[in-house]
Amino acid sequence: DWSSDVCSSDLLICFMFHPMLGWATLIGMVVLIILAVLNEVSTQAALKAANTEAITSSNYASSNLRNAEVVEAMGMLNGIQQRWLKRHSRVLALQAIASDRAGTIAAASKFVRMLLQSVLLGIGAYLAIEQQISPGSMIAASILGGRALAPVDLLIGTWKGFLSARMSYQRLDELLKQVQPRLRAMSLPAPLGSLALENVVSAP
């Protein structure tokens, strides 16, 4: 909430300096939001497949480790290792695909952010030459424009972690929905609080 308030206030101040500066900042924000949506679309499937494959690989390793002595005695260890390695390699490949896509979009968002600051400086310089704003307003608009775009840029950078957390929550929610509701336990009478002792012996 705080970052969104700062973002909106910086954008409003850019509009107060001059509408051209405000519209340029707003267009930059729209481009970054489009990049954020593109980041989700391009990485969601790969991350979901990687997480599913990672869980399968972990369960496969755990189930075989519980019978490690039998596996070793039967000479199956090497084959099991090769199977686990293939599954783990698929996990790494899917994660690499998602990371490459996310990294490309993150780099593009930083480029757009830096480009917009240069564009704001250029527009501000033009407006200052035309004596529509002061040189100080030109510098302030460039700084505030960068601040307005910073939360969106940060969102793109942390999108991978957000997607992983969301998919983990969905898996946990699906698991809990499969648990049968607990039946009502047998009602017991209220305790009376009396204590009876039989054949008690006390000796020093």
Side-chain angles (χ1 to χ4, degrees), residues 1-8 29-110 112-113 148-195:
D1 293 339
W2 176 82
S3 61
S4 61
D5 291 340
V6 171
C7 181
S8 59
M29 291 178 65
V30 171
V31 172
L32 287 180
I33 291 173
I34 291 173
L35 287 174
V37 174
L38 183 62
N39 190 14
E40 179 179 9
V41 172
S42 62
T43 59
Q44 185 176 14
L47 282 176
K48 186 175 182 179
N51 288 336
T52 303
E53 195 69 33
I55 293 172
T56 304
S57 176
S58 177
N59 291 338
Y60 178 78
S62 299
S63 62
N64 285 291
L65 284 174
R66 285 194 294 267
N67 304 300
E69 295 179 357
V70 178
V71 169
E72 176 66 24
M74 298 178 68
M76 299 169 59
L77 183 60
N78 190 29
I80 290 175
Q81 285 179 340
Q82 293 301 320
R83 287 185 179 181
W84 177 84
L85 186 59
K86 288 181 180 179
R87 293 182 177 182
H88 190 64
S89 297
R90 286 198 294 268
V91 174
L92 295 178
L94 290 168
Q95 287 180 343
I97 291 173
S99 297
D100 289 343
R101 292 174 180 175
T104 301
I105 295 175
S109 68
K110 288 183 180 180
V112 170
R113 184 179 168 191
L149 298 178
V152 184
D153 192 27
L154 181 63
L155 176 65
I156 295 174
T158 57
W159 199 258
K160 181 181 176 182
F162 171 74
L163 284 181
S164 298
R166 188 176 66 178
M167 282 187 280
S168 299
Y169 171 79
Q170 290 174 350
R171 287 198 306 270
L172 182 61
D173 186 54
E174 291 174 1
L175 179 64
L176 292 177
K177 286 179 180 178
Q178 294 175 4
V179 177
Q180 296 295 328
R182 187 175 181 180
L183 299 177
R184 186 175 181 182
M186 181 178 64
S187 58
L188 297 174
L192 299 176
S194 60
L195 181 64

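Basis for what follows: all heavy atoms, side chains included, without hydrogens, waters or symmetry-related copies.
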Notebook entry, point to check: Rounded to the nearest 0.5 Å, how far apart are CD of Q82 and CG of L85?
Noted result: 6.0 Å
Notebook entry, point to check: With I34, which residues qualify under side-chain contact (heavy atoms from CB on, under 4.5 Å), at least two apart?
Noted result: V30
Notebook entry, point to check: Taking only residues two or more places apart in sequence, or in another chain, which ones meet K86 in a side-chain hydrogen bond (donor to acceptor under 3.5 Å, both in side chains)?
Noted result: none
Notebook entry, point to check: When rounded to the nearest 0.5 angstrom, what distance separates CD1 in I97 from CG in L92?
Noted result: 11.5 Å
Item checked: All salt bridge (charged side-chain N to carboxylate O under 4.0 Å, His left out) counterparts of R90, not counting sequence neighbours -> E53
Notebook entry, point to check: How long is the gap from OG1 on T104 to CG on L35, to the nearest 0.5 Å?
Noted result: 11.5 Å
